[in-house]
Amino acid sequence: MAKDTVLTPKTVTKPKVEKPRLYKVLLHNDDYTPREFVTIVLKVVFRMSEETGYRVMMTAHKFGSAVVVVCTREIAETKVTEAMDLAKEAGMPLLFTAEPEE
Ligand code: TYC
């Protein structure tokens with residue numbers, strides 16, 4: 001092979017590792033569900049401490065909604081289902097939703 005031969009690759013592979021889109025779980029205020037119940041759901045389903053659960057609950061209470069957690073779609077949907085199941089079992093109108101982050 002000549003000394004000045006230039007070798008070029010036949011194919012160029014572009015690394016294509018897409019970051020999974022993140023979802024936020026939202027807690028929505030209502031006029032009926034007791035504050036204590038909301039705090040318990042946040043503790044049980046989202047493993048929050050009493051203080052954090054209370055703070056997130058009060059944020060939704062004051063502002064209408066609060067971000068509970070940002071995670072993958074699968075985890076967000078599982079958590080929403082778990083939280084909504086507890087609310088339904090207790091006959092509460094408590095609402096959690098999941099939506100993609102901008
Ligand atoms: N607003 C409810 C009350 O005063 C408490 C509450 C807080 C309900 C947050 C839902 O996401 C919520 N009893």
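Read the numbers this way: they start at 1 and go in the same order the structure lists the ligands and their atoms. None of these values were measured; they are calculated from a predicted model.
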Could you tell me which non-hydrogen atom of [X] sits nearest to which non-hydrogen atom of [Y], and how far apart they are?
X: A98; Y: Y23; value: C-CD2, 4.4 Å
X: V68; Y: L27; value: CG2-CB, 3.6 Å
X: K43; Y: S49; value: CG-O, 3.9 Å
X: A60; Y: N29; value: O-CB, 3.2 Å

Check residues 74-87 and write down every donor-acceptor pair under 3.5 Å in which the side-chain atom is one partner and the other belongs to a residue at least two apart or another chain.
| residue | atom | partner | partner atom | Å |
| --- | --- | --- | --- | --- |
| E77 | OE2 | R73 | NE | 3.0 |
| T78 | OG1 | E74 | O | 2.8 |
| K79 | NZ | V45 | O | 2.9 |
| T81 | OG1 | E77 | O | 2.8 |

Please give the N or O to N or O pairs under 3.5 Å between ligand 1 and the protein, distances rounded to 0.1 Å.
| residue | atom | partner | partner atom | Å |
| --- | --- | --- | --- | --- |
| ligand 1 | 1 (N) | N29 | OD1 | 2.8 |
| ligand 1 | 1 (N) | D30 | O | 2.7 |
| ligand 1 | 1 (N) | H61 | ND1 | 2.9 |
| ligand 1 | 11 (O) | H28 | O | 2.8 |
| ligand 1 | 13 (N) | T33 | O | 2.9 |

Report task. Check step by step if side chain to side chain contact (heavy atoms under 4.5 Å, CB included) holds for F96 and H28. Result -> CA-CA 6 Å; F96 286 85; H28 301 271; 5.9 Å; no

